[in-house]
Amino acid sequence: MKMELRNIEKSFGQKKVLENVSFSAEGGRALGFLGRNGAGKTTAIRIIMGIFLQDSGQVLVDGAPIAQSTARIGYMPEERGLYPKKKIWEQIVYIGELRGLTAPQSKKRAEFLLDKLEASEYIDKRLDTLSKGNQQKIQLAIALIHDPEIVILDEPFSGLDPINAAILKRTVEELVGYGKIVMFSSHQMGYVEEFCRDICILDKGAIVLSGDLDQIKKSYPRSRIRVVPAGVPEAFRERLKTAPFSNILEDVTEERGAFFLKLRAAKDKRALLAALSDFDVDSFLVLEPTLEEIFLEKAGNQNEAV
Amino acid sequence: MKQFKTIFLFEFGSYLKNKAFLIITAIILLAVIAVPCVPTVAGLIRKPESERETSDTRKAAVVSDILTPEILARYFSGTSFEFMSNADQAEEIMENGGYKFLLEADETDYTIYMNNVNIDSFAMLGNVEDMLRELRMKSLMKEYGLDEEAINDIYSIEITGRVRTSEGAADEEGYFQNYIYAYVLLFLLYMVMVLYGQQIVVSVVTEKSSKAMEILITSAKPLQLMFGKVFGVGLAGLLQFFSVLAAGAVSFSINGIFWADMYFADALDNVQEVAAASGMEEFVNILAAPVSPMLFVYLGIFFILGFFIYAFLFAAFASTASRIEEGNTVVAVPMLLIVVGFMGAIFGMMVPGAMFVKVLSYIPFTSSMVMFMRVCMGSAGALQAWISIVILAVSVVLCAYLGAKVYRTGVLMYGKPPKFAEIFKIFLKAKV
């Protein structure tokens, strides 16, 4: 199953919010949907869900335009919200019914999900009596109540303790395992890197990067090396200032006993290795770019203050 | 459609399950049932059964040469008088004899001794003076040479009359009969629309501020959401309102006789005479007069249509607010319409023929109250009423449709609520 956005354009009045946005998400491979605050992610999601109508462009599922009324999409919005003063059980079942389940079906699904998410003990409690993390589990249950084929999760891990985060991870992995299309939006790059095989970065309404994450990483030159010398750093530091190091290294930074060496050219890696054979090193690591670095490069502005 | 049913049941149900709602309703119900019982209970406590005067006999003492049992009976039906020779030691006489009052009267002067002065005292004084005046007039007429027959003729003059209006189709006494109902019902209409309109506003804005809206909007069509809420909240509110009204009416009618007892303190099968005696004849006539059932039909129609047109407007405007504090400001426009309607109707009762009143009775935002008033008063006939009803009904549908458009867009808008002009643009552009 494949979901595709093609040339989506959207403006609100004079403000252009999405410009020629195209990307795709496949079942069984989670998509990391990234972007700064205000980049247009929520708008794109709402267009997928049919809440907003795009000005032009298409949303396709397996080649055909998405049928909003029948498409089963589960959405966990970043802005968590429900009826704080009502019981959990009531709300889950209600939403299930709204999405087309009968009352008995809805109840069964609710029970099943709460059990899976280890939140069954809260079944009769009011939403606002739960901790933030538990509220989030309930939100997830609601997103999944109708067994959707497309699941869109916006910052699902924020505020979760490690145990609950693990439960969530397991659930998402299962969803991916079932071949569902999972779209994952988060600023916590660690999680995205863990789950998502594909990524897509949105910046100021336009796609700046999309594709298979591994391939993207490989496309970056492997020119950063992390070396930890065995002995005293001073000697190593001084040595780096001389040839042959000074010829092949563009930049050297130090952090807590580790030296980060940036090669002028990636092919000089072997030369570096050769030059280091004189030294005793504890660790030699070729660094691949982290998602965070990629993100900062593509969507960040070096001159802006963080 | 199924979504509507689900939403409606949810909204209706959660309103009814709301503890605050139930408690407040219970308290009001209790109050409304209990208050009319007060005079009953008070009456029972004041005088234990054995000593209690039967309601159709009061005793009074009278010292007079000119008063006769006949004229006393006419002006004070239900009171039996005992004649005394003089009024010395009036208090003792009254206590010993258990008299309500002692009246000492001659041709042009009287003194009345009472245990205490209360509301019906004034009415009583009026009766005494009327009585003495009648006697005096008759005796003067005799002095001037009129005979018995002439005097009787003078005292049995009857004037008949009727009111006809140029547009009225109500019967001749329409005006007088119905103005009290118009006042009361208009006020009720106004109260209900404002009260329950507010409930709708609060419900919508709470959903937005708790971000429940994010989930709801992805689960159901905005039209269904709006309708489900308006009907759900509206129905729960109306149920509360009418149950309170009904309880009050029942309680009052059961206890009403005791109210009469307290104020009129006379024979209850002589309401008319009693009313006449205390000068409240007009009032009682109006209440007791038969009311055309058509009036209630009109009431029902205007009530329902009026309620819904405002409800949809409230829901639509409320959807543009993000926080409770903004809730009241954004619904300023619909509130204004209700107030204008109400004021127009009240004012129009005094000047029914005025052009602005006629106009208001057709404009759907005000017609529910103004046209209803005109129907009550007889200044509009069936034709006019039904034209207005049709306009109103069509407008309700339109407001529902346009309201849904605004609702759909408004619920996703956070931040400063848009101005009226922007809302208008949304009307035109949004899809439902």
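So you know, we letter chains A, B, ... as the sequences are listed, proteins then strands, and number each from 1.
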inquiry  = For A/Lys86, which atoms come within 4.5 Å of any heavy atom of chain B: side chain, backbone, both, or neither?
reply    = side chain

ask   = At a heavy-atom separation under 4.5 Å, does A/Gln91 approach chain B through its side chain, its backbone, both, or neither?
value = neither

For [X] versus [Y], what's the shortest heavy-atom pair and its separation?
{"X": "A/Ile95", "Y": "B/Ser219", "result": "CG2-OG, 3.7 Å"}
{"X": "A/Pro77", "Y": "B/Ile215", "result": "CD-CD1, 3.8 Å"}
{"X": "A/Met49", "Y": "B/Thr218", "result": "CE-CB, 3.8 Å"}
{"X": "A/Leu98", "Y": "B/Gln3", "result": "O-NE2, 2.9 Å"}

key: Interatomic distance, A/Thr42 atom OG1 to B/Glu214 atom CD [nearest 0.5 angstrom]   =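 Going from OG1 on A/Thr42 over to CD on B/Glu214, the span is 8.0 Å.
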
CE on B/Met213 to CG on A/Leu82, rounded to 0.5 Å =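 The CE atom of B/Met213 is 11.5 Å from CG of A/Leu82, to the nearest 0.5 Å.
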
message = Under the criterion side-chain contact (heavy atoms from CB on, under 4.5 Å), I'd like the reasoning laid out for A/Tyr94 against B/Ile7: C-alpha separation, chi angles, the key distance, then a yes or no.
response = CA-CA 8 Å; A/Tyr94 176 49; B/Ile7 299 171; 3.6 Å; yes

inquiry  = Can you tell me how the ring of B/Phe10 sits relative to the ring of A/Tyr83, calling it parallel under 30°, perpendicular over 60° and tilted otherwise?
reply    =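 B/Phe10 and A/Tyr83: tilted rings.
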
ask   = Is atom OH of A/Tyr178 surrounded by more than 12 heavy atoms (other residues, nucleotides or ligands) closer than 6.0 Å?
value = no

task = Give, as side chain, backbone, both or neither, the part of B/Lys17 having an atom under 4.5 angstrom from any heavy atom of chain A.
result =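 For B/Lys17, side-chain heavy atoms alone lie under 4.5 Å from chain A.
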
